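All remarks here apply to the structure that follows.
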Amino acid sequence: MDNVHIFDNISDQELKKMMVCFKSQIRTFPAHEQLLSSSSTANQIGVILSGEADLIKYDYDGYRSIIEHLTNQDIFGQLLLRPFDESPMEVLSCTNCEVLFFDYECLIKRCAHACAHHSMLVNNVLQIFSSKTRQLHTRLDILSQRSIRNKLLTYFRHLAYEYHSESFILPFTLNSMADYLFIDRSAMLREMKKMRDENLIQSKGRRITLQHHE
C-alpha cells in the first residue's frame, strides 16, 4: 500500500524542532479508551504513533458504526468530525495507543522561520485528505451494494487490491467488520458460512482468501 503519512520526507531532527515549535504532546492510552469525542472543544490534530483505533459514529438509538479504522501515522481531529456534528462520534482505541497531539492552528499558521519541513507537513496533510476522499468513494461503493454477500465480496475485493494479494488479514475483528459494513453480525456470519460452503472464500479467524472460479 502506498499511503502518504503525515511525517513523510521529514527527518527526525526536523520533526523534533517542529514538534517543539508546535508545543505538541505525546499521550498513551490503554485499549478501549476514548482518544477524542465530537463534544470536545479542543481543536487538535492527533497522530497515531503506535497502536490502532476506530472512528465511531453513534445513531440516536445508540447503535454504532465504524467510519474509519486508524493505524500508524493516521490522523484524526475535530476538523475531520465536523461533517458529522449532528451525531455523537468518538475515536476509540482498539489496542494500547501512543498518540501525538498538536493544535490545528500550528499547522495552518506559518512560523517566522518559514521552515521547509513545515511546508512538507502541510503538503502531506493535503495528500492525506485527498486519500481520505478516495477512501470515502471506496466506502460508498461497498455500502451501496444491496445484499450482504455483495457488500462482503466488494469489501474483500478492495482489500485484495489494496494488499496486492487474494489472501489478506482483515483490519477488524468480525464484530467490528459488521459495524463497518452496517450489517447485522449474525446475518453476516451466516452469509460468510454460505460463501465458504460455495467455495467463494476461505476464512480462518481474520484471514480471508478469495477463491477463483473458471
Side-chain angles (χ1 to χ4, degrees), residues 1-29 33-38 40-57 66-85 89-142 158-165 168-169 171-172 180:
M1 294 179 288
D2 301 322
N3 293 334
V4 175
H5 292 140
I6 189 169
F7 300 133
D8 282 356
N9 301 310
I10 298 172
S11 71
D12 290 343
Q13 185 177 6
E14 290 170 336
L15 181 58
K16 287 177 183 177
K17 290 180 181 178
M18 187 162 49
M19 291 302 101
V20 170
C21 180
F22 282 16
K23 299 178 182 177
S24 63
Q25 59 174 320
I26 294 176
R27 297 178 58 191
T28 57
F29 298 86
E33 185 86 359
Q34 186 185 85
L35 311 186
L36 181 74
S37 78
S38 54
S40 171
T41 58
N43 196 6
Q44 290 186 311
I45 288 179
V47 184
I48 303 287
L49 298 180
S50 66
E52 300 179 15
D54 287 331
L55 172 58
I56 300 170
K57 174 179 175 292
I66 294 177
I67 303 300
E68 185 178 6
H69 186 64
L70 304 166
T71 57
N72 183 45
Q73 288 202 43
D74 279 337
I75 65 173
F76 62 89
Q78 285 294 346
L79 178 67
L80 302 174
L81 299 186
R82 282 173 186 155
F84 302 96
D85 277 345
M89 297 189 72
E90 66 176 349
V91 179
L92 191 69
S93 59
C94 306
T95 65
N96 293 342
C97 283
E98 187 177 46
V99 182
L100 182 147
F101 289 98
F102 61 87
D103 288 341
Y104 172 67
E105 294 294 322
C106 293
L107 177 69
I108 60 175
K109 289 184 178 178
R110 300 299 301 272
C111 66
H113 303 292
C115 309
H117 44 268
H118 191 154
S119 297
M120 180 57 68
L121 184 76
V122 173
N123 180 66
N124 289 343
V125 169
L126 290 174
Q127 289 193 58
I128 288 169
F129 284 163
S130 177
S131 176
K132 286 183 180 293
T133 300
R134 292 194 298 272
Q135 290 169 12
L136 177 61
H137 285 297
T138 296
R139 187 77 183 282
L140 289 173
D141 182 33
I142 295 165
H158 278 297
L159 286 176
Y161 176 80
E162 205 171 285
Y163 287 98
H164 308 293
S165 173
F168 47 84
I169 302 292
F172 299 111
Y180 182 74

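Just so we're clear, the structure is a prediction, and the values are computed from it rather than from any experiment.
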Go through the steps for Asn72 and Ile48 under the test side-chain contact (heavy atoms from CB on, under 4.5 Å), then give the verdict. CA-CA 5 Å; Asn72 183 45; Ile48 303 287; 5.6 Å; no
How far apart are the closest heavy atoms of Phe102 and Ser24, and which atoms are they? CB-CB, 4.0 Å
Indicate yes or no: at least one non-hydrogen side-chain atom of Tyr163 is less than 4.5 angstrom from one of Ile169. no
Rounded to the nearest 0.5 angstrom, the CG-CG distance for Leu49 and Asp74 is 11.5 Å
Taking Asn124 for the side chain and Asp8 for the main chain, is one N or O donor matched with an acceptor at less than 3.5 Å? yes
Between Thr95 and Glu52 (side chain of the first, backbone of the second, donor and acceptor by atom type, cut-off under 3.5 Å), is there such a pair? yes
At what distance, to the nearest 0.5 angstrom, does CE of Met19 lie from CG of Leu100? 5.5 Å
Please check: side-chain N/O of Thr133 versus main-chain N/O of Phe129, any donor-acceptor pairing under 3.5 Å? yes
Would you call Leu36 and Phe76 a side-chain contact if the rule is heavy atoms closer than 4.5 Å? yes
CG of Asn96 to OG1 of Thr28, rounded to nearest 0.5 Å, is 8.5 Å
Sequence neighbours excluded, which residues qualify as side chain to side chain contact (heavy atoms under 4.5 Å, CB included) partners of Gln25? Arg27, Gln44, Phe101
Output the distance between atom CD1 (Ile10) and atom NZ (Lys17), rounded to the nearest 0.5 Å. 13.0 Å
When rounded to the nearest 0.5 Å, the distance separating CG of Asn123 from CG of Asn9 is 8.5 Å
Side chain of Ser11, backbone of Glu14: donor and acceptor closer than 3.5 Å? yes
Worked check of side-chain contact (heavy atoms from CB on, under 4.5 Å) between Asp103 and Asn43: CA-CA 6 Å; Asp103 288 341; Asn43 196 6; over 6 Å; no
Side-chain contact, heavy-atom cut-off 4.5 Å: His117 with Leu15? no
Between His118 and Phe22, what is the ring plane arrangement, given parallel below 30°, perpendicular above 60°, and tilted in between? perpendicular
When every non-hydrogen atom of Ile75 is compared with those of Val47, the smallest separation belongs to CG2-CG2, 4.1 Å
Verify whether one side chain among Arg134 and Thr138 offers a donor that lies under 3.5 Å from an acceptor in the other. no
Any side-chain heavy atom of Asp54 sitting closer than 4.5 Å to one from Tyr180? no
Rounded to the nearest 0.5 Å, how far apart are NE2 of His5 and CD of Gln127? 12.0 Å
Using modelled atom types and a 3.5 Å cut-off, is there a donor and acceptor pairing between side-chain atoms of His69 and backbone atoms of Pro171? yes
Is the backbone of Ile67 close enough, under 3.5 Å, to the side chain of Arg139 for a donor and an acceptor to pair up by distance? yes
Would you say the side-chain atoms of Gln73 pair up with the backbone N or O of Phe7, donor to acceptor, closer than 3.5 Å? yes
Considering non-hydrogen atoms only, spot the tightest contact between Gly46 and Val99 and give its length. CA-CG1, 4.2 Å
